[in-house]
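Notes follow the structure.
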Amino acid sequence: MEEENSSIEKGLLLVKKEENANTTPLLVFTTFVIVSASFSFGVALGHTAGTMASIMEDLDLSITQFSVFGSLLTFGGMLGAIFSATIADSFGCKMTLWISEVFCISGWFAIALAKNIIWLDLGRFFVGIGVGLLSYVVPVYIAEITPKTVRGTYTFSNQLLQNCGVATAYYLGNFMSWRIIALIGIIPCLIQLVGLFFIPESPRWLAKEGRDEECEVVLQKLRGDEADIVKETREIMISVDASANISMRSLFKRKYSHQLTIGVGLMLLQQLSGSAGLGYYVGSVFDLAGFPSRIGMTVLSIVVVPKAILGLILVERWGRRPLLMASAFGLCLGCICLALAFGLKGVPGINVNVTPTLAFIGILTFVMMFAAGLGALPWIIMSEIFPMDMKVVAGSLVSITNWFTGWIVSYCFNFMLLWSPTGTFIIFATICGATIVFAWCLVPETRGLTLEEIQLRRAH
C-alpha cells in the first residue's frame, strides 16, 4: 500500500511539474516577441480594405493598378516564402525574423511616403517579402519551443495578433489617412526587432547545429527550473540524429505523400476559399451590396478579435480537425449567404434591404469563422506534421503554394466581382464545402502530442 501511495505521489508530482512547465514567464515573453510582428502582418492584410477609394484618388490609380498594388503583398510573400525555410534552417528562426523586419519596416516607410505608383508598389512588395518570411517561421518557431499541452493555443496566438492588426486597419481606415496607417504598421516591427535580443533560439535548431548543451539550457529555461526535461531532450536528440535534410525531388517520394498532400491541400483550400480577396477588398463588397462600408468595417473590427480568441481557446479543447471542419462549414454558409444576396439584387418583388442585409450577414459569418479556424489552422498543422528531414523543403513548398494562390485570388477578385458576384461566391462556397471533406478524410488530429510523437504515430 505504501509503495502504491508512493507511486501515486510521484505521478502527481510529474503531472504538476508538466503543468508548471506549460506557462513559464520566459515562454510567454518569447511567444509575445515572436508573434508581435504578426500585428503588422494583419495591418498589411487589412490596409487596402478601407482605404481603396482614398489611395486611388490621391495617386490617381485605375482599378487595374490598385488590384496590382493589392496583390503585390501576396506576390512578395511568395518570394519570401521561397527562402524562409532555408534561411531558418541555416541561420535560425531569430535571424530570419530580423531579416523579415528589415523588409517590413522599409516597405511601410515606402508606402507612407509614396508620391507615385512605383514607390507604393515597391513598398507593398517589400512588406510582402517580410510577411512571407514571417508566415513560415512564426508558427514553426512557436511549435518548437512550446510543450505539447499548450502548443496549439500558443501557435494560434499568431492568428490572434494578425486579427488584431486586421481589426485596427479596418477601424482606422474609416477616418485615418492610409499613410498614417502604414506608419502604425511599423510599431510592432520595432517591438520585435528589440525583443529578439532577449529571447532564446529554438532548442531543436540548436540540437540540429550540434549545440547540445545550449539546447538543454534553453529548454530548461523555457520549461522552468522545476521541470524534468530529460525525456523531451532525449526525444529531440533522437529526432535530430535520425534526420537529414532531403532534396525537393525526394520530397515527392511515396513515403512523404500523405503529409505533403495535407500541407499543400490545406494551403490551397485556405486561399481558394476567397479569404485573400474578401480580406483585401471587403469595403468594396459592402459598397457593391449597398451596405454602408463604414458601419460594416467598424463591426468587423469589433468582432474579428473575439472570434480569434475563441479559436485560441477551442484549438486545444476541440482539437485541430473538428475546429477546421466547423470553420470551413461557417465559411461555406457565409459564401452561400453572399451568393444569395447578390442573386436577389434587383429581382422584382424583393425588398431592396434584402441584399445589403444578407451581404452583411454573409461577410460577418465568413470573417468570424475564418478568424476562428481556417486562418490559423493550416499553418499550425503545417508546423506539426512535417518531420525535421522534410521541414525545410516541405515548409517552403506549402508556403509558396499559399502565397502564390493568394496572389492569384487577390488579383482576380475585383475582376470576378465585375463578372458575377453571385457566381464568385458560389465558387468559393463549393471550395469551402470541399475543405470539410478534405479535413474529414485526410487531416490527422495532433492535439496533445509532441512533435516527435506525431512522427512516431505516422511511422506506425
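These values consider heavy atoms only, across backbone and side chains, with no hydrogens, waters or symmetry-generated copies.
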Quick check: does any side chain N or O of [X] sit under 3.5 Å from a backbone N or O of [Y], one acting as donor and the other as acceptor?
{"X": "Thr401", "Y": "Leu397", "answer": "yes"}
{"X": "Thr355", "Y": "Ala341", "answer": "yes"}
{"X": "Arg204", "Y": "Glu144", "answer": "yes"}
{"X": "Thr357", "Y": "Val354", "answer": "no"}
{"X": "Arg179", "Y": "Ala114", "answer": "yes"}
{"X": "Ser327", "Y": "Leu324", "answer": "no"}
{"X": "Thr430", "Y": "Ile426", "answer": "yes"}
{"X": "Ser40", "Y": "Gly185", "answer": "yes"}
{"X": "Gln270", "Y": "Gly375", "answer": "yes"}
{"X": "Glu316", "Y": "Gly152", "answer": "yes"}

Atom [atom1] of [X] and atom [atom2] of [Y]: how far apart are they, to the nearest 0.5 Å?
{"X": "Asn116", "Y": "Leu61", "atom1": "CG", "atom2": "CG", "value": "10.0 Å"}
{"X": "Ile309", "Y": "Cys164", "atom1": "CD1", "atom2": "SG", "value": "7.0 Å"}
{"X": "Phe126", "Y": "Ile105", "atom1": "CZ", "atom2": "CD1", "value": "13.0 Å"}

Around [X], counting heavy atoms of other residues, nucleotides and ligands shown, do more than 12 lie under 6.0 Å from its [atom1]?
{"X": "Phe286", "atom1": "CZ", "result": "yes"}
{"X": "Trp440", "atom1": "CH2", "result": "no"}
{"X": "Phe91", "atom1": "CZ", "result": "no"}
{"X": "Phe66", "atom1": "CZ", "result": "yes"}
{"X": "Met95", "atom1": "CE", "result": "no"}
{"X": "Tyr171", "atom1": "OH", "result": "no"}
{"X": "Trp119", "atom1": "CH2", "result": "no"}

Classify the ring geometry of [X] against [Y]: parallel below 30°, tilted from 30° to 60°, perpendicular beyond 60°.
{"X": "Phe41", "Y": "Trp403", "answer": "parallel"}
{"X": "Phe413", "Y": "Tyr281", "answer": "parallel"}
{"X": "Phe291", "Y": "Phe360", "answer": "parallel"}
{"X": "Phe425", "Y": "Phe428", "answer": "perpendicular"}

Note to self: Run the side-chain hydrogen bond (donor to acceptor under 3.5 Å, both in side chains) test on Asn174 and Thr298 for me, step by step, so that the C-alpha distance in whole Å, both residues' side-chain angles and the decisive distance to 0.1 Å come before the verdict.
What the structure shows: CA-CA 8 Å; Asn174 288 323; Thr298 302; 2.8 Å; yes
Note to self: Quiz question: by atom type and distance under 3.5 Å, do the side chains of Ser399 and Ser84 form a donor-acceptor pair?
What the structure shows: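 On atom types as modelled, these side chains do not qualify, holding no pair under 3.5 Å.
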